Protein chains: 2
Amino acid sequence: MADSAHHPLALEQFLPYRLSIVSNTISQAIAADYQTRFDLSMTEWRVMAVLGRFPDVSAREVAERTAMDKVAVSRALARLVKSGRVIRETHDEDKRRSVLRLSEAGWTIHDEVAPQARAHETEFFAVLDAEERAWLLRILEKLSA
Amino acid sequence: MADSAHHPLALEQFLPYRLSIVSNTISQAIAADYQTRFDLSMTEWRVMAVLGRFPDVSAREVAERTAMDKVAVSRALARLVKSGRVIRETHDEDKRRSVLRLSEAGWTIHDEVAPQARAHETEFFAVLDAEERAWLLRILEKLSA
DNA sequence: ACGTTATAGTTTCACTTGAAACCATTTGCA
DNA sequence: TGCAAATGGTTTCAAGTGAAACTATAACGT
């Protein structure tokens, strides 16, 4: 069969693929920091970030806000509670639900990691000018819908 | 400790996070297709796409072009060779290297999946107008550097 | 030529992950 | 009330993953 009969996919120009490369590269670079410094996985950090912003939510709500599945959240929480970074209580009116918030130790880590994450964000997107950043925001907005 | 002392990260506005959500959503939607129809993992498909475009390369070059690590490539290739979708020979002048290409069966699958992948790409990015797509390309280009 | 170093690729091991099954509690409704 | 369905969360199981060790071959420097 002649090659000319085929239409190979130009992976290197394929948008979903390029998006995933860029995204993974950036995420991993950021994660590398707190993974080694705080023995904190990316999923754990995401959970902590949500709890920093929305204290006293349930595990389900954490899952929703992180776009992670509930199994991942359950495991991240188990580790975070065990290491004393998150406090888990039971909801007064619904004993199935947990009520989650950062402990003092959790806040300490949060307050070190959050500015670093923001600094990384700034650094990565510094190659873009203001106009490009604005477009990127707008584009991500549309793609998420 | 008063909450006002902290500066929680607004995950939902954090660019690396939003990028990863969009990227994963798109990749998984595309993968869902060929996973069930052809029992083909995303890594396997990526390897096949590279071999469609660059026949007779080595495993190392596949790894480079897919941005996957060599272990993942090795395993994907093992499965693809076993299922008769990829032909593996040994390089004439360097017996360490393999020389890889799609078999007839491999091409058949390739020629079904590739247009579907392109269709998905078109569909996803249809929410963007031409100007936005141009910006996105340019932005990804810069972020990859 | 010969030993060191580098490279291609595979295997092993410990860890992560998601789907499905599961348990406990609550809700909806006959 | 009482029982089926829904919900919050955890556990189990099978598969996927990367780092490091390993095998085989080639390249390099003396």
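Keep in mind that what you see is a predicted model, and the values were worked out from it rather than measured. Labels below follow one simple rule: chain letters A, B, ... track the order of the sequence lines, proteins then strands, and each chain is numbered from 1. Atoms considered below: every heavy atom in the structure, side chains included; atoms not considered: hydrogens, waters and symmetry mates.
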> Can D39(A) and R85(A) be counted as an ion pair, charged N to O under 4.0 angstrom?
no

> Rounded to the nearest angstrom, tell me the gap between atom CD in E64(B) and atom C1' in dT7(C).
12 Å

> What is the distance, rounded to the nearest whole Å, between atom CG of D94(A) and atom P of dG28(C)?
12 Å

> Would you mind telling me which of M48(B), E112(B), E44(B) makes a side chain to side chain contact (heavy atoms under 4.5 Å, CB included) with F38(B)?
E112(B)

> Looking at every strand, decide which applies to K70(B) at a 4.0 Å heavy-atom threshold: base, sugar-phosphate, or nothing.
base

> Counting only distance, no hydrogens or angles, is the base of dG9(D) paired donor-acceptor with the side chain of R88(A) under 3.5 Å?
no

> Can you identify which nucleotide, out of dT25(D), dG18(C), dG9(D), has its nearest atom closest to the R75(A) side chain?
dG18(C)

> Is the ring pair Y34(A)/W45(A) parallel, tilted or perpendicular, if the boundaries are 30 and 60 degrees?
tilted

> Measure CG/L80(B) against P/dT10(C) and give the value in whole Å, please.
12 Å

> With a 6.0 Å cut-off (strictly less than), is the heavy-atom count around NZ of K95(B), excluding the residue itself, greater than 12?
no

> From dA8(C), dA19(C), dT7(D), pick the nucleotide closest to the side chain of R96(A)?
dT7(D)

> Would you say S74(A) reaches dG9(D)'s phosphate, i.e. side-chain N/O to OP1/OP2 under 4.0 Å?
no

> What is the distance from CG of L77(A) to P of dT17(C), rounded to the nearest Å?
14 Å

> Ignoring the backbone of K95(B), work out which of dG9(D), dA20(D), dA26(D) is nearest its side chain.
dA26(D)

> Measure from CG on L100(A) to C1' on dG8(D) and round the result to the nearest Å.
11 Å

> M68(A) CE to dT17(C) P: how many Å, rounded?
9 Å

> Nearest to the side chain of S98(A), heavy atoms from C-beta on, is which of dG9(C), dG9(D), dT17(D)?
dG9(D)

> With heavy atoms under 4.0 Å as the rule, sort S58(B) into base, sugar-phosphate or nothing.
sugar-phosphate

